[in-house]
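Here is the structure we will look at.
Numbers restart at 1 for each chain; the letters A, B, ... are given by sequence-line order, proteins then strands.
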Protein chains: 2
Amino acid sequence: MTRSKPHNHQAHNHQEAIRAARKAIGDSDSVWGLAETFKVLSDPTRLKIVLALLKEELCVLDIAALIGITDSAVSHQMRLLKTLRLVKQRKDGKMAFYSLEDEHIEDLIRVATRHISEKS
Amino acid sequence: MTRSKPHNHQAHNHQEAIRAARKAIGDSDSVWGLAETFKVLSDPTRLKIVLALLKEELCVLDIAALIGITDSAVSHQMRLLKTLRLVKQRKDGKMAFYSLEDEHIEDLIRVATRHISEKS
DNA sequence: TTAACATCTGAACATCTGCTCAATCGTTTC
DNA sequence: GAAACGATTGAGCAGATGTTCAGATGTTAA
């Protein structure tokens with residue numbers, strides 16, 4: 001080929017696209033909060049803990065035996081979950097029972113599960 | 001106090017609690033997949049990208065300018081999002097336009113947003 | 001008071017993550 | 001062809017993350 005047709009690519013206004021997208025993202029505070037919410041459930045250990053607590057309250061050693069990690073590791077994670085208000089603690093003697101404090105978590109898990117099951 | 005009442009704590013069957021919870025968690029494969037889904041959206045950068053793409057397709061440089069990171073960083077993230085089937089690519093000349101491939105993501109974000117807004 | 005038990009805490013560690021930098025590839029334009 | 005441009009890739013790095021270990025705290029039982 002000595003000559004080729006000129007390529008005409010679709011016009012694309014970068015300035016406008018960026019401005020519109022910036023609106024869609026919203027303020028960075030809400031983005032950060034959203035990301036944090038997803039982050040809690042992004043660790044398999046924490047996710048297992050939350051899944052287990054959907055049914056009933058559990059003590060630290062039960063969770064540790066259930067997942068297969070140290071009671072220390074469980075305690076660390078529970079502190080984080082408690083700080084984020086996902087879980088509440090009930091003390092009974094030397095034992096500490098944890099249960100879910102958040103009702104919306106189950107919805108999140110349900111939607112995410114549906115999302116996975118409909119993958120090719 | 002010279003004498004104190006005997007403490008009677010609520011009975012708790014560890015074996016039974018663990019067995020019940022193990023059922024609630026399910027197989028470890030599904031847990032891993034769930035965690036991975038949440039993990040994609042747990043990074044502020046990726047979350048911003050997804051939020052921006054909810055409205056319209058964007059090219060790499062637009063996203064880079066929008067978020068304030070290198071085009072290289074964007075490209076790295078887009079490869080990940082493409083691998084996970086969250087995004088699809090359309091090439092036009094030297095530009096690469098990305099758009100959302102997954103319809104469920106919006107639901108996930110909506111539920112998570114509601115979850116945040118109803119916090120004390 | 002001891003001893004045993006459940007939980008919690010801080011430190012150290014290895015691993016993972018997301019970023020930038022530099023170089024490369026593919027396309028378009030001169 | 002050469003230069004410009006957009007996108008991609010790999011290496012390297014700093015920071016975050018999850019775990020274990022050792023020790024401390026608090027509670028119950030002997």
Side-chain angles (χ1 to χ4, degrees), chain A residues 1-12 14 17-18 32 35-36 38-49 57-84 87 89-98, chain B residues 1-12 14 17-18 32 35-36 38-50 57-84 87-98:
Chain A
M1 262 207 263
T2 52
R3 290 274 303 260
S4 58
K5 282 189 299 187
H7 307 240
N8 59 333
H9 299 128
Q10 206 174 7
H12 178 70
H14 296 277
I18 292 176
W32 203 85
E36 195 187 40
F38 289 122
K39 192 164 210 167
V40 193
L41 302 172
S42 71
D43 176 59
T45 295
R46 277 193 300 269
L47 184 55
K48 284 179 194 168
I49 293 176
E57 65 174 12
L58 292 170
C59 70
V60 174
L61 281 186
D62 284 351
I63 299 174
L66 177 65
I67 301 182
I69 54 177
T70 318
D71 57 328
S72 172
V74 174
S75 198
H76 279 298
Q77 297 291 9
M78 298 321 285
R79 179 169 51 142
L80 200 155
L81 291 173
K82 206 169 64 175
T83 301
L84 295 176
V87 139
Q89 189 194 48
R90 176 178 73 86
K91 283 223 158 188
D92 183 31
K94 37 188 174 181
M95 293 199 242
F97 289 93
Y98 288 95
Chain B
M1 257 206 264
T2 53
R3 289 274 301 262
S4 58
K5 280 190 298 187
H7 308 239
N8 59 333
H9 300 128
Q10 205 173 6
H12 177 70
H14 295 277
I18 293 176
W32 203 85
E36 196 187 39
F38 288 123
K39 193 164 211 169
V40 194
L41 303 172
S42 71
D43 176 59
T45 296
R46 278 193 299 269
L47 184 55
K48 284 178 194 168
I49 292 176
V50 170
E57 67 174 9
L58 291 170
C59 70
V60 174
L61 282 185
D62 284 350
I63 299 175
L66 178 66
I67 300 182
I69 54 176
T70 319
D71 56 331
S72 171
V74 173
S75 197
H76 279 297
Q77 297 291 7
M78 297 322 285
R79 179 169 52 141
L80 199 154
L81 291 173
K82 206 169 65 173
T83 302
L84 296 176
V87 138
K88 65 173 179 289
Q89 188 193 48
R90 177 178 72 86
K91 284 223 159 188
D92 183 29
K94 37 188 174 184
M95 293 199 244
F97 289 93
Y98 288 95

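Rounded to the nearest 0.5 Å, atoms CG (A:D62) and CD1 (B:I18) are 4.5 Å apart. Here CD1 of A:I69 is found 5.5 Å from CD1 of A:I49. Values are rounded to the nearest 0.5 Å. Atom OG1 of A:T45 and atom CD1 of A:I63 lie 11.5 Å apart (nearest 0.5 Å).
Less than 4.0 Å separates DNA chain D from no heavy atom of any residue of residues 38-47 of chain B. Near DNA chain C, meaning a heavy atom under 4.0 Å from it, residues 61-74 of chain A has A:L61, A:D71, A:S72 in order of number.
Residues B:E36 and B:L84 have side chains in contact (heavy-atom distance under 4.5 Å, counting atoms from C-beta outward).
As rounded to whole Å, 12 Å separates atom P of C:dT17 from atom CG of B:L84. Taking atom CZ of B:F97 as the reference point, atom P of D:dG6 lies 11 Å away to the nearest angstrom. If you take NZ of B:K48 and C1' of C:dC19, they are 14 Å apart, rounded to a whole angstrom. Atoms CD1 (B:I49) and C1' (D:dA7) sit 14 Å apart, rounded to a whole Å. In this structure, B:K91 atom NZ and D:dT8 atom C1' are separated by 8 Å, rounded to whole Å. Going from atom CE of B:M95 over to atom P of C:dT29 covers 10 Å, rounded to whole Å. Between the NE2 atom of B:H76 and the C1' atom of C:dC21 there is a distance of 10 Å, rounded to whole Å. Per the geometry, CG belonging to A:D92 stands 18 Å off P belonging to D:dG26, to the nearest Å.
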Result block: side-chain N/O donor-acceptor pairs under 3.5 angstrom for residues 73-81 of chain B, not counting sequence neighbours:
from: B:Q77; atom 1: OE1; to: B:R46; atom 2: NH1; distance (Å): 3.1

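Here B:Y98 does not reach the OP1 or OP2 of D:dG6: none of its side-chain N or O atoms lies under 4.0 Å away. Taking side-chain N and O atoms only, A:Q77 has a distance below 4.0 Å to OP1 or OP2 of D:dT19. Side-chain nitrogen and oxygen atoms of B:Q89 include at least one within less than 4.0 Å of the OP1 or OP2 phosphate oxygen of D:dT8.
The nucleotide whose nearest atom lies closest to any side-chain atom of B:K94 is, among C:dT27, D:dT19, C:dT7, C:dT27. Comparing D:dA11, C:dT9, D:dT28 by their nearest atom to the side chain of A:S75 picks out C:dT9. Picking from D:dG10, C:dT7, C:dG18 the nucleotide with the shortest atom distance to the side chain of B:R79 gives D:dG10.
The only member of A:R90, A:E57, A:Q89 that meets side chain to side chain contact (heavy atoms under 4.5 Å, CB included) when paired with A:Y98 is A:Q89.
Listed here is the closest heavy atom pair of A:L58 and B:A17: CD2-CB, 3.7 Å. In terms of heavy atoms, B:C59 sits closest to A:H14 at SG-CE1, 3.7 Å.
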* Asked: Hey, mind stepping through B:D92 and A:H12 against side-chain hydrogen bond (donor to acceptor under 3.5 Å, both in side chains) and telling me if it holds?
  -> CA-CA 11 Å; B:D92 183 29; A:H12 178 70; over 6 Å; no
